[in-house]
Trainee: 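After the structure tokens below, expect a handful of questions from me.
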Amino acid sequence: MKPNAMPRLDAPRKRRVFRAFFHEGLARSFIVLGPALVALVVLFILPLAAVLSLSFTDPELGLQNFRSIWQSRGFRNILFNTFEISATSTVVCLIIGFPVAYHMSTLRKRWAHPLLALIMVPFATSLLARLYAWTLLLGDAGIINGTLMRVGLISSPIPLLFERAGVIIGTVYMLLPYMILVLYVTMARVDGGLLEAASTLGAKPVDRFLRVFLPLTAPGIYAGLLIIFILSLGYYFTPALLGGRDVTVSTFVAQAIQVMNWGMAAAMSVILLIVTVALFLLFDGLFPIERLIVGGSRR
Amino acid sequence: MPNTRTSSTGAVIAVAISAILLGSNHAAKAADRAALLQEFPPEVRPLITPSASDALVAALLEVRKSGPKTLVFNNSGGERADGQRSAFVSDWEKITGWRVKDSGPAVDPARLKVLVGSGHPDIDLVELGSLGDGISNEKSNFYALLDRALFDPVFASFPKEGGYQHSDYWVQNGWYSITLLWDTRKWPESGPHPTTPNDLFDTARFPGKRCLFKYPEYAGTLEYPLLADGVSPDKLYPLDVERALKKLDTIRDDIVWFSTGAESVQNIVNGNCALGVTWHGRAAARLKEDPSLPLGVSWEKTLLIDDGWAIPKGAPNAEAANTLLAFAFTPENEGKLLNLLGYGIPIDPAFINADGRKWGVTLENLKLSAAKQDPAYYADNASKIVTRFNEWLAE
């Protein structure tokens with residue numbers, strides 16, 4: 001090829017690019033970010049692209065997988081079930097986790113830290129062992145129903161195991177520690193002086209909570225909700241072991257992969273991903289993340 | 001597809017064949033066999049089952065000389081793996097000096113595709129979820145050819161009336177029966193109690209939750225509703241899936257879907273279900289351990305599902321895996337499998353004891369069942385069936 005055939009940059013521009021690259025830290029950024037970038041491409045972006053392409057090409061090129069999901073009540077329900085279970089579990093996590101985190105944040109570090117450690121204890125045991133333990137607790141003849149019946153509160157067992165209730169209980173149990181941790185971190189950083197100031201200025205405890213404490217802890221609440229919701233969307237063992245007729249995206253995908261229906265598995269995953277990202281963007285639009293991080297914290 | 005192993009074992013086979021051709025009289029053959037056995041250390045000679053073919057003994061010797069190495073045996077673990085170990089794995093380890101490492105859980109076709117696709121699978125022997133998997137995996141070219149010098153005598157020994165199948169790539173290891181289970185605290189054996197899987201659909205006579213398996217291809221989830229609906233056993237395949245689902249709809253609210261093998265028995269024991277289905281070996285293992293468990297088991301009019309083994313294509317120790325498999329299929333070792341686990345092929349009744357006769361799929365127990373699953377049908381349709389089943393489940 002003739003050298004003249006190449007478009008040539010004029011010298012000053014070339015130098016500018018050169019300078020920008022080496023002097024303004026771009027090269028350094030590349031070196032620093034390089035490994036992470038490679039890992040991200042190889043471990044995340046390529047597999048994701050493979051899933052995306054499978055959803056359009058397996059068993060043949062076309063939209064047939066998406067069409068059959070769209071047209072079938074059963075398949076649509078799989079998606080609804082998944083979001084419903086995740087949303088319910090997330091709200092329950094908040095309702096249970098908030099008071100716990102609040103109480104811990106009012107304690108001295110000497111007491112709060114051992115409590116935090118206790119909350120982390122379940123992470124040290126096997127996930128499957130814990131889920132099997134739940135099957136013993138939740139069954140019709142299990143400890144919960146047995147006790148309630150013996151005490152006389154109920155006359156016939158409440159269906160918990162292999163029902164929606166069991167899946168939600170299991171999911172909440174698995175994710176509650178994350179919610180408490182996220183909330184605790186935010187609450188512990190709330191400047192107590194602001195609450196005192198509110199009291200001094202005549203705010204009643206309810207006002208102090210609703211108008212000072214709650215807005216200050218909002219970042220933690222949002223972050224907690226988002227983390228729990230997104231984590232629970234992908235849960236497999238909990239619905240597989242504690243659930244019954246509820247098919248979730250994860251259990252469906254697992255079974256579809258097993259019988260080599262990779263196209264449907266991929267299409268279902270792609271839809272889950274798109275809806276999740278859309279929800280995230282919506283959430284982010286309503287409550288911008290950057291705005292959440294500032295506030296009355298002690299930074 | 002070239003069979004790369006033939007060259008490496010050519011010598012062994014040549015020796016075996018020439019032994020057969022040259023040994024025109026019985027005495028010469030016996031002498032060859034004795035000479036072969038002489039090459040093993042004295043303490044392991046008694047472990048080499050007398051009915052093992054000369055080709056197998058020669059191949060075992062080759063494996064012994066090429067070792068010691070580690071063979072990876074992928075299986076479903078638990079009592080199954082323990083039973084196999086005491087039936088034949090640990091003897092094979094002593095005979096060859098190799099070590100057999102169990103790896104679990106059993107690979108499904110998807111995982112096998114990835115392993116074989118990688119070109120260097122890290123397993124030498126796989127258990128098939130069903131022969132349906134075997135047939136479709138064979139079509140997908142996931143398996144290595146079985147060594148015919150070792151397996152021709154094995155295939156010839158299978159009892160004809162059992163309907164045992166094999167191909168050039170996989171071999172059936174008997175049938176398992178999807179037995180009916182019920183809670184004897186509700187319906188004692190002495191009184192009226194459920195007797196066949198048809199009773200799963202009789203909620204008037206036998207009220208309560210019924211436990212069915214969420215993976216319809218492995219436990220009669222679609223066959224039992226059809227049989228109960230009056231489909232004749234020889235007309236079961238191709239499955240009328242919609243008719244099966246319609247029948248399941250009649251008991252929909254009473255069904256508890258379980259998804260792991262252990263749950264099938266546990267759910268009856270802990271009262272989560274009044275009746276259900278399980279694989280006969282599961283019930284047998286629990287009842288042998290604790291006969292007081294409230295479990296009623298019936299083999300009557302059940303579905304039989306097949307089970308088998310194969311060697312993944314590209315397995316690092318394929319020849320050793322061939323000898324391990326052929327060794328498992330000696331009549332003595334299959335007898336031990338039936339006695340210990342209830343799964344196996346009753347090649348020679350002389351090796352089956354009372355436990356095996358009660359809990360094993362012997363030719364007598366086989367006669368009690370209603371139908372055999374059609375692996376070829378599942379090989380072609382499992383994907384469609386399972387997807388439709390999940391769609392129905394979520395409706």
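Letters A, B, ... mirror the listed sequences (proteins, then strands); counts begin at 1. Because only heavy atoms are used, hydrogens play no part in the values below, and waters and symmetry mates are left out as well, while side chains stay in.
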Trainee: Chain A: which of B:Gly132, B:Pro109, B:Gly271 shares the most heavy-atom pairs with it under 4.5 Å?
Mentor: B:Pro109
Trainee: Pick from A:Ser72, A:Ser68, A:Ala265: which one has the most heavy-atom pairs with chain B under 4.5 Å?
Mentor: A:Ser72
Trainee: Using every non-hydrogen atom in the two residues, find where A:Ile78 and B:Ala394 come nearest and quote the distance to one decimal.
Mentor: CG1-CB, 3.5 Å
Trainee: In terms of heavy-atom pairs under 4.5 Å with chain B, which of A:Arg245, A:Met260, A:Gln255 leads?
Mentor: A:Gln255
Trainee: Counting heavy atoms not belonging to B:Arg111, are there more than 12 under 6.0 Å from its CZ?
Mentor: no
Trainee: So which part of A:Asn145 gets closer than 4.5 Å to some heavy atom of chain B, the side chain, the backbone, both or neither?
Mentor: neither
Trainee: Which bit of A:Tyr132 is near chain B, if near means a heavy-atom gap under 4.5 Å: side chain, backbone, both or neither?
Mentor: side chain
Trainee: Within this structure, what is the OG1-CG distance for the pair A:Thr248 and B:Asn390, rounded to the nearest 0.5 Å?
Mentor: 9.5 Å
Trainee: For residues 250-259 of chain B, give me every residue with a non-hydrogen atom less than 4.5 Å from any non-hydrogen atom of chain A.
Mentor: B:Arg252, B:Asp253, B:Val256, B:Trp257, B:Ser259
Trainee: Roughly how far, to the nearest 0.5 Å, is the CD atom of B:Glu395 from the CZ atom of A:Phe75?
Mentor: 9.0 Å
Trainee: Which answer fits A:Phe162, side chain, backbone, both or neither, if we ask what part of it has an atom under 4.5 Å from a heavy atom of chain B?
Mentor: side chain
Trainee: With a 4.5 Å heavy-atom cut-off, do A:Gln258 and B:Tyr215 have their side chains touching?
Mentor: yes
Trainee: More than 12 heavy atoms of other residues, nucleotides or ligands under 6.0 Å from NZ of B:Lys246: yes or no?
Mentor: no
Trainee: Identify which part of B:Asp133 has an atom lying under 4.5 Å from any heavy atom of chain A, answering side chain, backbone, both or neither.
Mentor: neither
Trainee: Using a cut-off of under 4.5 Å on heavy-atom pairs, state which of A:Thr135, A:Asn261, A:Asp140 scores highest against chain B.
Mentor: A:Asn261
Trainee: Would you mind telling me which of B:Asp108, B:Val386, B:Ile385 makes a side-chain contact (heavy atoms from CB on, under 4.5 Å) with A:Val259?
Mentor: B:Val386
Trainee: Answer with side chain, backbone, both or neither: which region of B:Thr260 has an atom nearer than 4.5 Å to a non-hydrogen atom of chain A?
Mentor: side chain
Trainee: Which answer fits B:Lys214, side chain, backbone, both or neither, if we ask what part of it has an atom under 4.5 Å from a heavy atom of chain A?
Mentor: both
Trainee: Where on A:Leu241 is there a heavy atom nearer than 4.5 Å to chain B: the side chain, the backbone, both, or neither?
Mentor: both
Trainee: Excluding sequence neighbours, so at least two apart, what forms ring-ring contact (aromatic ring centres under 6.0 Å, His included) with B:Tyr237?
Mentor: B:Tyr377
Trainee: What closest approach, in Å, do A:Leu161 and B:Asn272 show between heavy atoms, and which atom pair accounts for it?
Mentor: CD2-ND2, 3.2 Å
